[in-house]
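Numbered from 1 within each chain, the chains take letters A, B, ... in sequence-line order.
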Protein chains: 2
Amino acid sequence: MPESHPAPQRFPVTVDVVALTVRDGELRVLLITRLIEPFRGKLALPGGFVLAGEDLQEAAVRELAEETGVEHLPGHLEQLGSYGPKGRDPRGDVLTVAHLLLAPDFPVLAAGSDAEHAAWYPVREVQGGALELAFDHQRILDDALERAKSKLEYSPLGAAFCGEEFTIAQLRAVYEAVWGTRLDPRNFHRKATGTPGFLEDTGRMTTGDAGRPAALFRLAPEARPTAGHPTRAVLNPPLMRPAVPK
Amino acid sequence: MPESHPAPQRFPVTVDVVALTVRDGELRVLLITRLIEPFRGKLALPGGFVLAGEDLQEAAVRELAEETGVEHLPGHLEQLGSYGPKGRDPRGDVLTVAHLLLAPDFPVLAAGSDAEHAAWYPVREVQGGALELAFDHQRILDDALERAKSKLEYSPLGAAFCGEEFTIAQLRAVYEAVWGTRLDPRNFHRKATGTPGFLEDTGRMTTGDAGRPAALFRLAPEARPTAGHPTRAVLNPPLMRPAVPK
DNA sequence: CGGGATTATTGTCAACGTGACGATAATTTC
DNA sequence: GAAATTATCGTCACGTTGACAATAATCCCG
């Protein structure tokens, strides 16, 4: 891999995290308000420098914990891709490794005065151009959204947006929010419950909501992430998003 | 993204390339023989350090060109993922960004005495444990193979292994080699030619081979990579690999 | 307390995609 | 020319999907 003696170029390396969740049937992304230049006052993805002796995923988890005040991150974290190092930071070449977190809605620290304030923003508003992101974070977000959409098709990771137990309707709301489409409740129910290796009936039911009580499900054992293997399970056949999202 | 003043840790960054091709109906990967420690004499993925002012993809193309003697790389290059930096190089923390090249079979430079010798090795032999790879390159190769398999299902990139024009049988050979399965020629023909936005009939035919002449196809315009967009086209519905590859 | 609204769940049906495999066509090889 | 070889078209049964009807089980409200 190295080919000769001259000391190799070294780069600062950051991790950025696109944390997505669904709240009120709406897809949201975790953003921080930058307190320092460049892009002071602008919104940006949470992230920060990788430290010596750290692996990428470790760094992502640490940064996210620091900036949200959350100890144990819920949901599913995976690497999205790397960007740079050329010309993406006005201060110089910085390589960033973007990550994607699919998580149930969790509260973020109400920031103190000197901390960067993190909050969930509707993706709709960011995409609509109402909000502007720092660096190349808009592009990273776009890639993350596409990845998330595709993940729902081919993996059981839609459930990463839900808690431990959830109803089919809650799961459907996730798909609708991420894909930006409406799905037929009856067909979705058939597909979700009928796909082997996806869901497991808990036997319990919801209560107190409007309408008929719904059965509570959890991820099937084979779709659950384990220590060594952070979820490689595949939905077969896939649950394809409708061709024309509208 | 940065949070305070202390100078951020800097890391050497390399790019590695998993270049795959199909020759004689067999999937092969481009490997070089290391001439220096560590892992001297072992096989490794081609790659090298990212230089100042370079982007990742640029670096990957440059390194591949240097080590194969090939000017313009054929095929499809995409980023696979990043590994490290912790504990993957005995000399210290090195971050590597792995790339995946799907290419038609092209000749590599017969290396001079002092150059690292690059050659196409059957993936089968590497997976069989007959050959051992340096660093964490075995893991990277595994990830690359999985990515390649999945690419064939959901994208028109199988054609990246073929030349400009190809027959359905040649394309099928690619799928068979990458997936490690046999496919029914009649069903594959129906699916390949019947999928909208995938193939385009050139009107020309093969000649000279054994058996009935075959029609020559090329990638449909909408599946062809363009300058700005390096192929985002998707096969819908997907061409799924058989459930039990054997 | 009962009817209406609301949500969940079970079915039905036609259209479509897929796997298995038969049949035919157009070449090369001997 | 006959046999072998490869390409291509067709057929059929089966499973999946989208569209949509029908029923079930709750809450809400007067």
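- The aromatic rings of A:His137 and A:Phe135 are tilted relative to each other, their planes meeting at an angle between 30° and 60°.
- Taking 3.5 Å as the limit, the base of C:dG19 and the side chain of B:Arg190 contain a donor-acceptor pair of atoms between them.
- In the set D:dC20, D:dA25, C:dG17, the nucleotide with an atom closest to the side chain of A:Asp184 is D:dC20.
- Considering only heavy atoms from C-beta on, A:Leu101 stays 4.5 Å or farther from A:Val18 through its side chain.
- Each of A:Gly211 and A:His189 has a nearest nucleotide on DNA chain C; the 5'-most of these lies closest to A:Gly211.
- Comparing D:dA19, C:dA8, C:dA26 against the side chain of A:Arg212 picks out C:dA8 as the nearest.
- Note on B:Glu176 versus B:Arg172: salt bridge recorded, some NZ/NE/NH1/NH2 to OD/OE distance being below 4.0 Å.
- Comparing D:dA25, C:dT9, D:dT8 against the side chain of B:Ala215 picks out D:dT8 as the nearest.
- Closest non-hydrogen pair, A:Leu152 versus A:Leu235, comes out as O-CD2, 4.3 Å.
- Distance from the side chain of B:Lys191 is smallest to C:dG17 among C:dG17, D:dT17, D:dT26.
- Each of A:Met240 and B:Leu216 was assigned the nucleotide of DNA chain D with the nearest heavy atom; the assignment lying further toward the 5' end belongs to B:Leu216.
- The base of D:dA21 sits with one of its N or O atoms less than 3.5 Å from a complementary donor or acceptor on the side chain of A:Arg186.
- Between the CG atom of B:Asn187 and the P atom of D:dA7 there is a distance of 15 Å, rounded to whole Å.
- When distances run from any side-chain atom of B:Ala214 to the nucleotides D:dG18, D:dA7, C:dT9, the shortest one goes to D:dA7.
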